[in-house]
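A short worksheet on the structure shown next.
As the structure is a prediction and not an experimental result, all values here were calculated from the model.
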Amino acid sequence: MRGSNNYLGAQYRRIAARKGKHRAAVAVAHSIMTIAYHLLTRQEDYKDLGADYIEMRQQDTIVRRPYES
C-alpha cells in the first residue's frame with residue numbers, strides 16, 4: 001500500500017485527488033497543528049482514528065438517511 005495507513009494519510013489522499021497535492025499538504029499541516037493544540041491543552045495522548053474512519057462515518061450517514069424517491 002502506498003502512503004501512510006492512518007487518518008492523516010487518508011485525509012491527504014482524499015484532498016489531493018480533488019484539489020491537488022499542495023493544498024492537501026497545507027490542509028494536513030493544519031490538521032496536525034489542530035491536533036497538537038488539543039493534545040497540549042488537554043494533556044491527552046494521540047489516538048489515531050484510522051484510515052477508514054471517514055468511510056465508516058459516510059456509511060453510517062447513508063444508512064440513517066431516509067429513503068429518497
Side-chain angles (χ1 to χ4, degrees):
M1 174 175 257
R2 221 173 150 186
S4 298
N5 191 20
N6 58 30
Y7 177 78
L8 294 171
Q11 178 188 19
Y12 174 83
R13 288 187 295 277
R14 270 194 329 275
I15 296 171
R18 290 181 291 125
K19 299 192 179 220
K21 293 179 180 181
H22 178 72
R23 194 170 274 203
V26 171
V28 171
H30 182 266
S31 294
I32 291 171
M33 294 300 292
T34 303
I35 291 167
Y37 171 79
H38 286 288
L39 293 178
L40 291 171
T41 57
R42 298 174 185 176
Q43 297 181 349
E44 296 178 349
D45 292 332
Y46 176 68
K47 297 175 210 77
D48 187 55
L49 299 173
D52 58 346
Y53 176 74
I54 296 295
E55 288 80 17
M56 290 187 318
R57 294 269 323 246
Q58 288 174 342
Q59 288 298 323
D60 290 344
T61 302
I62 291 169
V63 169
R64 283 184 277 157
R65 187 177 301 161
Y67 176 73
E68 297 176 11
S69 50

| query | With a cut-off of 6.0 Å (strictly less than), are more than 12 heavy atoms of other residues, nucleotides or ligands near CZ of Arg23? | reply | no
| request: Begin from the C-alpha positions of His30 and Val26 and carry the test side-chain contact (heavy atoms from CB on, under 4.5 Å) through to its verdict. | output: CA-CA 6 Å; His30 182 266; Val26 171; 5.6 Å; no
| message | Just so I know, are the side chains of Ile35 and Leu8 near enough to count as touching, which here means a heavy-atom distance under 4.5 Å? | response | yes
| message | Strictly distance-based, threshold 3.5 Å: is any side-chain N or O of Asn5 a donor or acceptor partner for the main-chain N or O of Ala51? | response | no
| Quick one: does Thr34's side chain get under 4.5 Å of His38's, heavy atoms only? | yes
| Cluster overlap Tyr53 with Tyr46, hydrophobic side-chain contacts below 4.5 Å | yes
| field | Hydrophobic cluster membership, Ile54 vs Ile32, 4.5 Å side-chain cutoff | value | yes
| request: Working to the nearest 0.5 Å, report the span between OH of Tyr7 and NZ of Lys47. | output: 15.5 Å
| request: Verify, without hydrogens or angle tests, whether Asp52 (side chain) and Glu55 (backbone) share a donor-acceptor contact under 3.5 angstrom. | output: no
| task | Would you name the heavy atoms of Gln11 and Ala27 that are closest together and state the gap between them? | result | NE2-O, 4.2 Å
